Amino acid sequence: MVESSVLGFPRIGAFRELKKNTEAYWAGKIGADQLLAVGKEIREKNWKLQKEAGVDIIPSNDFSFYDQVLDLSVLFNVIPERYTKFDLPQLDVLFAMGRGLQRKATETTKAVDVTALEMVKWFDSNYHYVRPTFSHSTQFKLNGQKPVDEYLEAKALGIETRPVLVGPVSYLYLGKPDKDSLDLKPISLLEKILPVYTEILKKLAEAGAKEVQIDEPTLVLDLPEEVQAAFKTAYETLAKAEGLPKLILTTYFGDVRPNLSAIKGLPVAGFHFDFVRCPEQLDDAIALVSDKQTLSVGVVDGRNIWKNDYAQSIEFVKKAIEKLGADKVVVSTSSSLLHTPVDLENEKKLDAEIKNWFSFATQKLAEVVTIAKAVSGEDVSAALEANAAAIKSRKESDLTNDEAVKARMAKIDKSLSTRKSPFPERLAKQKAKYNLPLFPTTTIGSFPQTKDIRINRNKFVKGEITAEQYEQFINSEIEKVVRFQEEVGLDVLVHGEPERNDMVQYFGEQLKGYAFTTNGWVQSYGSRYVRPPIIVGDVSRPKAMSVKESVYAQSLTKKPMKGMLTGPVTCLRWSFPRNDVSQKVQALQLSLALRDEVNDLEAAGVTVIQVDEPAIREGLPLRAGQERSDYLEWAAESFRVATSGVRDDTQIHSHFCYSDLDPNHIKALDADVVSIEFSKKDDPKYIQEFANYPNHIGLGLFDIHSPRIPSKEEFVARIGEIMKVYPADKFWVNPDCGLKTRGWEETRASLTNMVEAAKVFREKY
Ligand code: GLN
Ligand code: ZN
């Protein structure tokens, strides 16, 4: 029998139980005990679900209250001193590292004021991990034994599991040095960290774990030589230790081939490869496996929601079996299922035909099991037939074959993706038109999405209030946000996005070619989940999507109002994309739809327009080379197609989360003003990198993921730092990102301090 395996299951609960309880805990509404109990319940449900589905190899330690990488940092004591000096319980230390903590002193506790650690995208996904942050004084040791506890918890339920750990090389390489140790290379800590890996692995073995899934996803990156060499050191050292479980070296999200020599001959019990993302690596993977090792064949997509094509997968797995033998092959998900929604059965509103094209995490369990059975010679013909019919219905649907969209796509050329004049000419006209002060202040778009907003949106969705009542409510919210911004003294205003449930979903719901779920949540970071819409067919825009709200907002003020749209690449990246046409085609279809929207905004008098592309960085192919340069080209082209239909004096803004984007890539978009997340970049070299950026730029000045309020002095110091290398007449003053997850109180305080700081610099320059 060929075994089936799952690399990880979503931990948010089928109805977002984890979010609701975590946030209740943060708000002081429930105690730690209650939150811990909810975690336990979710784990139990997940294990039982997998057991009942017939999965042979079930993961444990894939659960986390915030992030699995952060869990490891806490476990290994990679906790910068600033988080330990308040005598917080371990759970609160974890949350403080993840999201920062600011708390007044009480009679029994000290005041706390600490920022969050840096959070970055997990490879090319929309999941974020908290970066391990090392310093010369880091002392590795075990704080507790979470992986063992969770293994034993499953065992007590009668379920044998395979614990998951991020491996030592990836853990170090994904980290960074702390501000006090900028000369430290994390990978140089390998010898120091291996003893704690040995210790936790040994404990797992003692608890009864036979095998551990050790994730080394960095193997799909271009790795410096010393990192490649680290694999040998790490795994040979671990192999020498006595009494450890077997290790399955697990990679995902890409092509391992360029790093094969780094893992060839390693003393591990097996390897896992992602063959959804890179089927071409099968022969090399087979050649890598020795006669004592196994190959886990990832054919069920952990990153997307399409039904597996059984015929194709079975044929693929059989190739591996022919070469290696059935006892050496395991059928698996390509990666953890963390990146897919929990259960398709909870979708009650999807069109039945389209729903039949999808498979969420729960359905994928049956997929790995069915494929494993099929290649083991069991009769699964009914499942295969139903599957073939679903695949055919999608291929032949009108939705995936829209002739009008195809005709418009064929006409895209250079003139469609070029602004009328170059930036300097546009700038002169824009200066004359808007007459903004030096250090213009603005925000990134969203304002607090309050409970009241969510309640009213839900009422509207459920039909409890009329469209008219809802519009009135939204308008009153917009007015509140406009008055607030005038009061605080911001220069370029926004309408606050109260009508948007999510920056991609909101547009997805209005575009043809999209489907959306009611419960398809996926963790983005911590307690923040997203509900990605699904691109099911060719995309077009039946009618204006955002004009009404922006026009209303502009009518309330003399200050310029920014129209606010989500760019084509972000719409693509934060949706579940089609897997039957290329990403480029999907991005360009989206750009045509957005171009119509941008032009409509301009025609309606909204002439500052921000087209957000926060996801442009995460779309960057993980390796340098042709695929990456192609991506950069079509990503920039689709942004320009969307934004180039306007007059010179219409000011195009764009926004990016994460600044580890090459300024040259941003330049290619030719936006007039860009804002980027920057507040957690401690190293001045990053400021330097942007100093030559030709157009206008706002380097984000405060962390919107944290409730912490920076003082005016802090803003002044930060802008002062930047002004040492940055031209004053190009600089905009803004936060890192939208304020939708913040409360009003901290928003008012932070923005007031930010505007006051901008005034200080206007005096100086
Ligand atoms: N305009 C969006 C907002 O402010 C941008 C969000 C983002 O970049 N993630 O919410
Ligand atoms: Zn952002």
Side-chain angles (χ1 to χ4, degrees), residues 402 404-405 408-409 411-412 415-420 444-446 471 474 478 492-514 516 533 535 537-555 560-575 585-616 635-655 669-674 738:
D402 188 325
V405 174
R408 209 175 161 200
M409 286 283 287
K411 286 199 200 124
I412 294 181
S415 72
L416 217 62
S417 63
T418 318
R419 289 284 297 265
K420 295 185 179 60
I444 308 304
S446 59
E471 187 177 330
I474 292 296
I478 292 175
V492 175
L493 309 195
V494 297
H495 76 284
E497 305 176 26
E499 77 287 11
R500 300 187 189 175
N501 40 13
D502 170 87
M503 63 184 290
V504 174
Q505 195 192 333
Y506 183 73
F507 294 102
E509 286 176 2
Q510 302 186 67
L511 289 167
K512 187 173 170 227
Y514 259 103
F516 48 94
I535 306 180
D538 293 323
V539 172
S540 58
R541 186 197 75 148
K543 61 179 195 336
M545 304 183 283
S546 70
V547 176
K548 191 175 72 187
E549 290 79 10
S550 290
V551 166
Y552 176 69
Q554 181 67 84
S555 77
M561 175 62 55
K562 269 199 282 193
M564 198 58 63
L565 302 173
T566 305
V569 178
T570 301
C571 283
L572 171 67
R573 295 293 313 177
W574 290 357
S575 303
V585 165
Q586 295 174 72
L588 286 171
Q589 289 185 356
L590 282 158
S591 75
L592 290 171
L594 286 161
R595 182 182 175 94
D596 297 343
E597 187 73 12
V598 169
N599 294 350
D600 282 356
L601 280 169
E602 180 187 65
V606 178
T607 60
V608 179
I609 302 169
Q610 179 170 311
V611 178
D612 291 323
E613 281 291 27
I616 206 159
E637 184 190 2
S638 51
F639 182 89
R640 294 195 316 265
V641 167
T643 54
S644 292
V646 295
R647 295 188 308 261
D648 283 349
D649 64 0
T650 291
Q651 188 170 64
I652 298 290
H653 288 230
S654 188
H655 164 73
L669 308 190
D670 199 24
D672 300 308
V673 183
V674 300

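This one's a predicted model, so the numbers in the text were calculated from it and none came from an experiment.
- Checking side-chain atoms of Arg595 against main-chain N and O of Leu416 turns up a donor-acceptor pair under 3.5 Å.
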| request: Using the side chain to side chain contact (heavy atoms under 4.5 Å, CB included) rule, take Tyr514 and Leu590 through it: C-alpha gap first, then chi angles, then the decisive distance, then the call. | output: CA-CA 11 Å; Tyr514 259 103; Leu590 282 158; 4.0 Å; yes
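- Within the 3.5 Å criterion, the main-chain N or O of Pro533 finds no donor-acceptor partner in the side chain of Gln505.
- Within the 3.5 Å criterion, the main-chain N or O of Ile444 finds a donor-acceptor partner in the side chain of Gln610.
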*asked:* I'd like to know whether Asp612 forms a side chain to side chain contact (heavy atoms under 4.5 Å, CB included) with Leu565, so could you lay out the CA-CA distance, the side-chain angles of the two residues, the decisive distance to 0.1 Å, and finally the verdict.
replied: CA-CA 6 Å; Asp612 291 323; Leu565 302 173; over 6 Å; no
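- Glu597 places a side-chain N or O within 3.5 Å of a backbone atom of Ser546 that can act as its donor or acceptor partner.
- Salt-bridge check for Glu471 with Lys548: passed, with a basic side-chain N closer than 4.0 Å to an acidic carboxylate O.
- For Lys512 (side chain) and Asp538 (main-chain N/O), no donor-acceptor pair under 3.5 Å exists by modelled atom type.
- Using a distance-only test at 3.5 Å, with no hydrogens or angles considered, no donor-acceptor pair links the side chain of Arg640 to the main chain of Ala671.
- Residues Leu592 and Val641 are in side-chain contact: their nearest non-hydrogen atoms beyond the backbone lie under 4.5 Å apart.
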Checking side chain to side chain contact (heavy atoms under 4.5 Å, CB included) for the pair Ser638/Val569: CA distance, chi angles, key distance, verdict? CA-CA 7 Å; Ser638 51; Val569 178; 3.8 Å; yes
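- Glu613 places no side-chain N or O within donor-acceptor distance of the main-chain N or O of Ser654, the cut-off being under 3.5 Å.
- Closest non-hydrogen pair, Glu637 versus Leu588, comes out as CD-CD2, 4.2 Å.
- Judged by distance alone, with hydrogens and angles left aside, the side-chain atoms of Gln554 form a donor-acceptor pair with the main-chain N or O of Met561 at under 3.5 Å.
- Although no hydrogens or angles enter the test, the distance criterion places a donor-acceptor pair under 3.5 Å between the side chain of Thr566 and the main chain of Met503.
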